[in-house]
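Order of listing sets the numbers, starting from 1, for every ligand and every atom in it. Please read these numbers as outputs of a predicted model, since none were measured by experiment.
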Amino acid sequence: MKKVTKTAALVLAMAMVISTLTACGDDSGATTDAAVTDEAAANDTADTADADEAADTDAAQGTVTKTEGVMTFGTNAEFPPFEFVAGTGVIDQYDGIDMAIAKQIAEENGMTAAIENMEFDSLLIALQNGQIDAVIAGMTVTEERKEAVDFSTPYYTATQVMIVKEDSDIAAAADMADKKICVIQGYTGEVCVNDMGYPYEAFKKGTEAVMELVNGKCDVVVIDSATAQKYVNDNEGLKIVEDAAAFEAEEYAIAVRKGNTELLDMINTAIDAKLADGTISELGVKYTEEITAE
Ligand code: GLN
């Protein structure tokens with residue numbers, strides 16, 4: 001019963017790729033986003049030079065990726081069902097909705113997909129430095145990030161939610177005011193809580209924040225909806241609290257270096273086709289069912 005509802009919700013989310021820009025992040029604030037943007041602005045010329053250099057040394061002139069025939073995607077494989085480390089994944093040990101999408105995009109363009117796994121915070125800098133060709137990481141489109149990179153057509157709509165203990169009295173975002181809040185560093189959840197003006201503790205990984213909650217060291221974890229569902233399934237005694245008025249819709253998209261229109265066009269053509277023919281919805285169902293079955 002529960003499973004059907006979750007699957008249906010995910011399909012709905014997949015289908016509802018709407019054009020609203022995110023959430024709490026647009027006019028703020030979050031340490032990490034601001035740092036990325038600032039750095040991008042400060043090093044604008046240097047970044048461009050670095051990117052050119054990477055292209056010159058690592059690939060033949062005229063290729064759209066750093067290594068000819070390979071699309072190198074950066075991710076942070078700590079974000080199920082979008083990316084996680086598995087025994088056998090779709091690309092090496094990496095599995096999840098994003099990994100399947102990345103593999104298909106590369107293959108449809110006659111290339112292979114490679115993954116570089118790194119901290120979420122490092123992804124946009126690695127992209128600007130030419131270490132990776134694109135970022136696929138359940139990454140929400142925000143105004144700050146758009147200043148640093150170009151985004152593809154959005155492929156998934158999510159929202160921030162609150163994970164709490166089953167007996168928690170938190171029923172809305174405002175109830176977090178006097179609670180101990182955990183977020184994950186650099187995620188839009190951190191941006192939201194920061195914008196609300198509440199103190200919080202930031203962790204490197206979702207699993208770490210959830211362990212704090214399970215161990216009673218914090219009262220609430222703010223994180224993306226589908227990932228929250230995974231943690232609630234995996235840990236007894238937790239539930240999800242939503243507050244659509246406080247947390248607006250967010251859209252996930254793939255990021256490329258500013259001006260890499262050739263790669264962006266390849267990615268967009270593939271995403272548009274996958275949204276239209278239901279491939280992305282099917283991947284959502286597949287990976288949600290795997291999570292629920294665990
Ligand atoms: N959607 C959130 C963000 O973009 C979290 C993404 C992630 O952890 N991979 O910040």
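Only the side chain of R145 comes within contact range of ligand 1, with a heavy atom under 4.0 Å; no backbone atom does.
Among protein heavy atoms, atom 6 (C) of ligand 1 sits closest to G138 O, 3.2 Å. Here the protein heavy atom with the shortest distance to atom 5 (C) of ligand 1 is D224 OD1, 3.5 Å. Atom 9 (N) of ligand 1 has as its closest protein heavy atom A137 O, 2.5 Å. The protein atom (non-hydrogen) at minimum distance from atom 8 (O) of ligand 1 is Y187 CZ, 2.6 Å. Closest protein heavy atom to atom 10 (O) of ligand 1: T188 N, 2.7 Å.
Atoms of ligand 1 lying under 4.0 Å from any heavy atom of Y252, numbered from 1 in the order shown and given with element: 1 (N). With ligand atoms numbered from 1 in the order given, ligand 1 contributes 4 (O) to contacts under 4.0 Å with heavy atoms of M139.
Each of Y155, Y252, F120 was evaluated against F82; a single residue qualifies, Y252, per the ring-ring contact (aromatic ring centres under 6.0 Å, His included) test.
Under the 4.0 angstrom criterion for non-hydrogen atoms, F82 is not in contact with ligand 1.
Atom NZ of K217 has 12 or fewer heavy atoms from other residues, nucleotides or ligands within 6.0 Å.
Note on D219 versus K180: no salt bridge recorded, every NZ/NE/NH1/NH2 to OD/OE distance being 4.0 Å or above.
A donor atom on one side chain and an acceptor atom on the other are found under 3.5 Å apart for Q160 and T188. Side-chain contact of Y287 with D95: a donor-acceptor pair under 3.5 Å is present, judged by distance alone.
Distances between N or O atoms of Q160 and those of ligand 1 include no value under 3.5 Å. Of the polar atoms of E83, none of the N or O atoms is found under 3.5 Å from an N or O of ligand 1, judged by distance alone. Ligand 1 has no nitrogen or oxygen under 3.5 angstrom from a nitrogen or oxygen of F79.
Looking only at side-chain heavy atoms (C-beta outward), V183 and F203 stay at 4.5 Å or farther from each other.
You'll find the ring centres of Y187 and F79 inside the 6.0 Å limit.
Between A228 and V161 the shortest heavy-atom distance is CB-CG2, 3.4 Å.
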